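None of these values were measured; they are calculated from a predicted model.
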Amino acid sequence: MKGFNSVFFIICTIILAAVAYESYIQAVAIDEGRIGDSVFRHAVANLFNIMRFPMHVMFKSWARIPLKFALGIIINCLFYSFILERILYFITRPKPEEEETNDFPEE
């Protein structure tokens, strides 16, 4: 793959894994009724619906087995990291130099 930034990919994966973990903890807190009225904590808990997509939505059986559940979250983080890395590449990629055109008429 052209211009793949592995350092950004790894950093992004680690950050997304931390966000996925925290959003899971907050989602569990909502289910148990222990989250309170914090808008921020509710927003983080609702972020789990995004973090579990696409593996737990497309493969519902993965959500029932703890090892597959964790593996699905890891795959999602890798997927989102790859997408973010490609977006960064397309934003920052070097522009091809414009070819010189001869504006003078031929004699």
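Residues F8 and L88 meet the side-chain proximity criterion, which asks for heavy atoms closer than 4.5 Å. Two residues are said to be in side-chain contact when any heavy atoms from C-beta on lie closer than 4.5 Å; I25 and V44 fail this criterion.
Outside the 6.0 Å centre-distance limit, the rings of F9 and F82 are not counted as a close aromatic pair. If you look at Y24 and F69, their ring centroids are closer than 6.0 Å.
Atom CD1 of I91 sits about 10.0 Å away from atom CZ of R93, to the nearest 0.5 Å. Atoms CG and CE, on L78 and M55 in that order, are 10.5 Å from each other to the nearest 0.5 Å.
The shortest heavy-atom contact between S23 and M51 is OG-CG, 4.0 Å. In terms of heavy atoms, I73 sits closest to A20 at CG2-CB, 3.8 Å. Among all heavy-atom pairs drawn from Y80 and I50, the shortest one is OH-O, 3.0 Å. Between H56 and K68, the shortest heavy-atom contact is NE2-O, 4.3 Å. When all heavy atoms are compared, the tightest approach of A45 to I30 is CB-CD1, 3.3 Å. Listed here is the closest heavy atom pair of F79 and P54: CD2-CD, 4.2 Å.
When the side chains of ILVMFWY residues are joined at heavy-atom separations under 4.5 Å, either directly or via intervening members, F48 and Y21 end up in a single hydrophobic cluster. Residues V19 and I35 do not share a hydrophobic cluster, defined by chaining ILVMFWY side chains whose heavy atoms lie under 4.5 Å apart. Connection of I65 to W62 is not established within any shared hydrophobic cluster, with ILVMFWY side chains joined at heavy-atom distances below 4.5 Å, either directly or through further cluster members. Taking hydrophobic clusters as Ile, Leu, Val, Met, Phe, Trp and Tyr residues chained together by side-chain heavy-atom distances below 4.5 Å, M58 does not share a cluster with L67. Taken together through direct or relayed side-chain contacts under 4.5 Å among Ile, Leu, Val, Met, Phe, Trp and Tyr, V57 and L16 form part of one hydrophobic cluster.
Remark: side-chain polar atoms of N5 are not paired, donor with acceptor, to backbone N or O of Y89 under 3.5 angstrom.
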